[in-house]
Amino acid sequence: LSACSHTGMVDEGCHYFISMKCDHGIEPTLDHYNCMIDLLGRAGQLDAGEDLINKMPCKPSAMSWLTLLSACRMHFDVARGKHAAKHVFELDPDNASPYVLLSSIYAAAGKWVDAAGVIKVMNEKGLK
């Protein structure tokens, strides 16, 4: 799945993911779901990535949302990025990564005040 994600082979990755359970009786783990979120996100299918997070049978982790947030940075999706970052803030409050990614999303969109505000909050929390 990871190889498919990094080479843009979305259809193949989806096929292998479905095949795990249907053909081989392997129940996908959270790591498999996170790979699928990455696969979809890198391909710009952010709706599908978020939908997968919301529908997967296991509880999404901070990494699930951080993976989507990273894709939002890559594809300049400010609203979804803000939403994903909120989840990471709640699930992993000591992680500086969502602050940096969200600030980068805001900066890329020319929202300099918002970008600076995110960094200010990060610094106030003592995160590096």
Side-chain angles (χ1 to χ4, degrees):
L1 295 176
S2 181
C4 290
S5 177
H6 289 272
T7 57
M9 299 171 64
V10 178
D11 292 339
E12 292 84 350
C14 291
H15 168 76
Y16 292 133
F17 182 76
I18 293 167
S19 176
M20 285 175 61
K21 186 171 184 177
C22 294
D23 298 336
H24 304 286
I26 300 169
E27 194 66 41
T29 67
L30 180 58
D31 287 337
H32 293 113
Y33 280 97
N34 288 345
C35 279
M36 286 301 298
I37 295 162
D38 186 53
L39 171 75
L40 295 167
R42 286 176 186 264
Q45 297 181 24
L46 303 178
D47 286 338
E50 186 173 6
D51 192 47
L52 183 60
I53 289 174
N54 290 324
K55 291 182 178 176
M56 58 190 199
C58 47
K59 183 180 179 204
S61 67
M63 185 54 69
S64 306
W65 288 106
L66 194 59
T67 301
L68 182 66
L69 176 59
S70 181
C72 291
R73 183 191 55 77
M74 186 184 306
H75 296 286
F76 310 106
D77 190 330
V78 176
R80 192 183 320 270
K82 185 177 177 182
H83 177 71
K86 178 179 155 268
H87 284 283
V88 184
F89 297 151
E90 293 170 1
L91 293 168
D92 191 4
D94 297 327
N95 188 347
S97 297
Y99 293 93
V100 174
L101 286 168
L102 183 58
S103 175
S104 177
I105 291 169
Y106 283 142
K111 297 179 176 249
W112 301 108
V113 173
D114 292 329
V118 170
I119 296 301
K120 180 181 178 193
V121 171
M122 183 180 85
N123 290 333
E124 288 171 351
K125 292 179 177 273
L127 301 176
K128 296 180 182 192

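On a predicted model such as this, the values are computed, not experimentally measured, just so you know.
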Closest contact, heavy atoms only, [X] versus [Y]:
{"X": "L127", "Y": "A96", "result": "CB-CB, 4.0 Å"}
{"X": "L102", "Y": "A85", "result": "CD2-CB, 3.9 Å"}
{"X": "L66", "Y": "L101", "result": "CD1-CD1, 3.8 Å"}
{"X": "S5", "Y": "R42", "result": "OG-CD, 3.2 Å"}
{"X": "S103", "Y": "I119", "result": "OG-CG1, 3.4 Å"}
{"X": "A107", "Y": "A115", "result": "N-CB, 3.9 Å"}

Would you indicate whether the side-chain heavy atoms of [Y] and [X] approach each other to under 4.5 Å?
{"X": "L46", "Y": "L40", "answer": "no"}
{"X": "N54", "Y": "E50", "answer": "yes"}
{"X": "P28", "Y": "M56", "answer": "no"}
{"X": "D38", "Y": "H6", "answer": "yes"}
{"X": "L1", "Y": "L39", "answer": "no"}
{"X": "L30", "Y": "S64", "answer": "yes"}
{"X": "V10", "Y": "C4", "answer": "no"}
{"X": "E124", "Y": "K120", "answer": "yes"}

Which distance, rounded to the nearest 0.5 Å, do you find between the [atom1] of [X] and the [atom2] of [Y]?
{"X": "H87", "Y": "W65", "atom1": "NE2", "atom2": "CH2", "answer": "4.0 Å"}
{"X": "F89", "Y": "K125", "atom1": "CZ", "atom2": "NZ", "answer": "8.5 Å"}
{"X": "Y16", "Y": "C35", "atom1": "OH", "atom2": "SG", "answer": "14.5 Å"}
{"X": "H32", "Y": "C58", "atom1": "NE2", "atom2": "SG", "answer": "11.0 Å"}
{"X": "S2", "Y": "N34", "atom1": "OG", "atom2": "CG", "answer": "11.5 Å"}
{"X": "I18", "Y": "H24", "atom1": "CD1", "atom2": "NE2", "answer": "12.5 Å"}

**OP:** Please answer: with hydrophobic residues joined when any side-chain heavy atoms are less than 4.5 Å apart, are M36 and M9 in the same cluster?
**Re:**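 No, no single cluster joins them.
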Subject >> Joint hydrophobic cluster, L91 plus V121, side-chain heavy atoms closer than 4.5 Å >> reply: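 They do share one cluster, since a chain of ILVMFWY contacts under 4.5 Å joins L91 to V121.
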Subject >> Worked verdict on I105 versus L69 for side chain to side chain contact (heavy atoms under 4.5 Å, CB included) >> reply: CA-CA 9 Å; I105 291 169; L69 176 59; 3.7 Å; yes
Original post:
Can any side-chain N or O of H75 pair as donor or acceptor with the backbone N or O of Q45 at less than 3.5 Å?
Top reply: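 No, because the side chain of H75 does not come within donor-acceptor range (under 3.5 Å) of the backbone of Q45.
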Subject >> Donor-acceptor contact present, side-chain T67 to main-chain M63, <3.5 Å >> reply: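 Yes, T67 side chain to M63 backbone: donor-acceptor pair under 3.5 Å.
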Original post:
Would D47 and R80 satisfy salt bridge (Lys or Arg N to Asp or Glu O under 4.0 Å), going step by step from the backbone distance to the final call?
Top reply: CA-CA 9 Å; D47 286 338; R80 192 183 320 270; 2.5 Å; yes
Original post:
Above 12 or not: heavy atoms from other molecules or residues under 6.0 Å from CZ of F17?
Top reply: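 Yes, because the 6.0 Å sphere around CZ of F17 holds more than 12 heavy atoms from other groups.
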Subject >> Test side chain to side chain contact (heavy atoms under 4.5 Å, CB included) applied to Y106 and V118, step by step >> reply: CA-CA 9 Å; Y106 283 142; V118 170; 3.6 Å; yes
Subject >> Pair T29, D31: side-chain N/O donor-acceptor within cut-off below 3.5 Å >> reply: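 Result is no, nothing qualifies.
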